[in-house]
Amino acid sequence: GVEVGPQPQGVIRADILEKMRKIVRHGLDFVQLFNKGQEFPPCTIEVYKIMEKVDYPRNKNDEVIAIIHPKLQDQDWQPLNKGDPLFLTLDGETIEYKGDNTVYPAFINEAAYYEKKHAFVKTVKVKLTAELLRSQT
């Protein structure tokens, strides 16, 4: 599957649709070249691996007591370091990231994940290496 975004639920955006079409075309081009016997050299790619789902801070009644901090909003895939702001309480207090390692948050403040209690997910960068790839025909 291919998920291209971000875009609000129920909204169709021309720029996002074009990105989706482009990635699907690349995938189909790859399949066609592979089926014709083209070799693809070894390569390394950097990807993001989900490590943890992070919920909004809640009180003892399971009610949300803080929102995504404005400095984190719209910063998907950007480095988050110890001391960076995460949440802003309804009283105006900043809750900072306390982790020792840099992470890359994604799906920040996505409406589709509210009911799942996900404010965002923490990801880390991982390098994947592919060996030489060629058809066995």
Side-chain angles (χ1 to χ4, degrees):
V2 176
E3 181 177 343
V4 182
Q7 69 180 18
Q9 289 178 296
V11 173
I12 300 173
R13 291 182 36 174
D15 60 330
I16 301 300
L17 179 61
E18 184 53 35
K19 287 179 182 180
M20 184 272 307
R21 286 179 172 159
K22 186 176 182 179
I23 193 69
V24 169
R25 278 193 302 269
H26 283 304
L28 293 172
D29 289 345
F30 169 82
V31 170
Q32 184 176 28
L33 292 170
F34 180 80
N35 287 341
K36 286 182 177 180
Q38 179 165 335
E39 280 189 6
F40 295 89
C43 65
T44 300
I45 186 171
E46 211 168 53
V47 299
Y48 296 89
K49 179 180 179 183
I50 294 175
M51 300 305 291
E52 179 184 355
K53 296 170 183 169
V54 178
D55 191 8
Y56 293 89
R58 296 176 182 271
N59 64 18
K60 63 182 177 185
N61 297 324
D62 204 35
E63 299 165 327
V64 173
I65 59 169
I67 59 176
I68 295 294
H69 194 281
K71 290 187 177 177
L72 181 61
Q73 184 64 52
D74 301 321
Q75 297 302 305
D76 294 77
W77 315 112
Q78 299 303 309
L80 181 68
N81 299 297
K82 186 174 188 172
D84 288 346
L86 281 181
F87 297 103
L88 186 63
T89 69
L90 301 179
D91 296 331
E93 212 175 299
T94 296
I95 299 173
E96 298 176 342
Y97 175 58
K98 293 180 174 52
D100 292 325
N101 300 320
T102 298
V103 295
Y104 299 83
F107 310 116
I108 301 169
N109 204 23
E110 292 276 347
Y113 297 116
Y114 279 5
E115 66 189 37
K116 296 178 182 180
K117 297 184 176 183
H118 299 168
F120 61 93
V121 295
K122 288 184 198 174
T123 71
V124 294
K125 282 187 183 183
V126 178
K127 288 187 180 188
L128 299 179
T129 301
E131 303 298 322
L132 173 76
L133 183 62
R134 69 174 160 250
S135 176
Q136 298 297 319
T137 59

**Student:** Rounded to the nearest 0.5 Å, how far apart are NZ of Lys125 and OH of Tyr48?
**Tutor:**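 Here the rounded value is 4.0 Å.
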**Student:** Mind checking the NZ-CZ spacing from Lys117 to Arg58? Nearest 0.5 Å is all I need.
**Tutor:**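 Atom-to-atom, Lys117:NZ and Arg58:CZ are 5.0 Å apart.
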**Student:** Rounded to the nearest 0.5 Å, what separation is found between the OG1 atom of Thr94 and the CG atom of Asp84?
**Tutor:**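 If I round to the nearest 0.5 Å, the distance is 11.5 Å.
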**Student:** Atom CD1 of Ile23 and atom CG of Leu28: how far apart are they, to the nearest 0.5 Å?
**Tutor:**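 Answer rounded to 0.5 Å: 10.5 Å.
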**Student:** Flag yes if Val11 and Ile108 sit in one hydrophobic cluster, no otherwise; membership is Ile, Leu, Val, Met, Phe, Trp, Tyr, and two members link when side-chain heavy atoms are under 4.5 Å apart.
**Tutor:**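 No, Val11 does not connect to Ile108 through the hydrophobic network.
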**Student:** Any non-hydrogen side-chain atom of Thr123 less than 4.5 Å from a side-chain atom of Lys49?
**Tutor:**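 No. Closest side-chain heavy atoms not under 4.5 Å.
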**Student:** Does Phe107 offer a backbone N or O that forms a donor-acceptor pair with the side chain of Asp76 under 3.5 Å?
**Tutor:**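 Indeed, once roles are kept as given, a pair shorter than 3.5 Å links the two residues.
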**Student:** Quick check against the 3.5 Å criterion: does Ser135 have a side-chain atom that pairs as donor or acceptor with the backbone of Asn35?
**Tutor:**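 Pair absent, no side-chain N/O of Ser135 close to backbone of Asn35.
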**Student:** Should Ile68 and Val121 be regarded as members of a common hydrophobic cluster, given that ILVMFWY residues are connected when their side-chain heavy atoms come within less than 4.5 Å of each other, either directly or indirectly?
**Tutor:**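 No; tracing contacts between hydrophobic side chains, which count when under 4.5 Å, never links both residues.
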**Student:** Sequence neighbours excluded, which residues qualify as side-chain hydrogen bond (donor to acceptor under 3.5 Å, both in side chains) partners of Glu96?
**Tutor:**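 In terms of side-chain hydrogen bond (donor to acceptor under 3.5 Å, both in side chains), with neighbours along the sequence ignored, Glu96 is linked to no residue.
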**Student:** Determine whether a donor-acceptor pair (N or O, by modelled atom type, separation under 3.5 Å) exists between the side chain of Asp91 and the backbone of Glu93.
**Tutor:**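 Looks like no, no N/O pair under 3.5 Å.
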**Student:** If hydrophobic clusters are built by linking Ile, Leu, Val, Met, Phe, Trp and Tyr wherever their side-chain heavy atoms come under 4.5 Å apart, do Ile50 and Val126 end up in the same one?
**Tutor:**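 No, it is not one cluster - the side chains of Ile50 and Val126 are not joined through contacts under 4.5 Å.
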**Student:** Within the structure provided, determine whether Thr89 and Ile65 are in side-chain contact (heavy-atom separation under 4.5 Å).
**Tutor:**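 Not touching, per the 4.5 Å side-chain cut-off.
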**Student:** By the definition side-chain contact (heavy atoms from CB on, under 4.5 Å), identify the one residue from Asp100, Asn101, Thr102 that meets it with Asn81.
**Tutor:**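 It is Thr102; the other options fail the test.
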**Student:** Tell me if the CZ atom of Arg21 is crowded by more than 12 foreign heavy atoms within 6.0 Å.
**Tutor:**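 Not buried by this count: 12 neighbours or fewer within 6.0 Å.
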**Student:** Are Tyr113 and Phe120 connected into the same hydrophobic cluster when the rule is that any two of I, L, V, M, F, W, Y join if their side-chain heavy atoms are below 4.5 Å apart?
**Tutor:**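 They do not share one cluster, since no chain of ILVMFWY contacts under 4.5 Å joins Phe120 to Tyr113.
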**Student:** Using side-chain heavy atoms (C-beta onward) and a distance below 4.5 Å, is Val54 in contact with Tyr97?
**Tutor:**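 They are not in contact (no side-chain heavy atoms under 4.5 Å apart), so the answer is no.
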**Student:** Flag yes if more than 12 heavy atoms outside Ile45 fall under 6.0 Å of its CD1 atom; otherwise flag no.
**Tutor:**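 Not more than 12 within 6.0 Å, no.
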**Student:** Which heavy atom of Tyr56 sits nearest a heavy atom of Val64, and at what distance?
**Tutor:**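 Residues Tyr56 and Val64, closest heavy atoms: CB-CG1, 3.9 Å.
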**Student:** Does CD belonging to Glu46 count more than 12 external heavy atoms closer than 6.0 Å?
**Tutor:**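 Counting other residues, nucleotides and ligands, CD of Glu46 exceeds 12 neighbours.
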**Student:** Nearest 0.5 angstrom please: Arg13 CZ to Lys19 NZ, how far?
**Tutor:**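 Result: 7.5 Å between the selected atoms.
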**Student:** Closest heavy-atom contact between Asp55 and His118?
**Tutor:**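 Shortest heavy-atom contact: OD1-N, 4.3 Å.
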**Student:** Tell me whether Val24 shares a hydrophobic cluster with Leu17, the cluster being built from Ile, Leu, Val, Met, Phe, Trp, Tyr side chains joined at under 4.5 Å.
**Tutor:**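 Hydrophobic grouping puts Val24 with Leu17.
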**Student:** Are there over 12 heavy-atom neighbours, none belonging to Leu132, within less than 6.0 Å of that residue's CG?
**Tutor:**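 Count over threshold, so yes.
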**Student:** Any non-hydrogen side-chain atom of Leu80 less than 4.5 Å from a side-chain atom of Leu86?
**Tutor:**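 The answer is yes, as the side chains (C-beta and beyond) meet within the 4.5 Å cut-off.
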**Student:** Shortest non-hydrogen contact from Gly99 to Lys82?
**Tutor:**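 Answer, listing the atom of Gly99 first, then Lys82: O-CB, 3.1 Å.
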**Student:** Assess, by modelled atom type and distance only, whether the side chains of Asn109 and Tyr114 contain a donor and an acceptor separated by less than 3.5 Å.
**Tutor:**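 Yes - a donor-acceptor pair under 3.5 Å links their side chains.
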**Student:** Measure the spacing between OH of Tyr104 and NZ of Lys122 and express it to the nearest 0.5 Å.
**Tutor:**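 Reported to 0.5 Å precision, the distance equals 14.0 Å.
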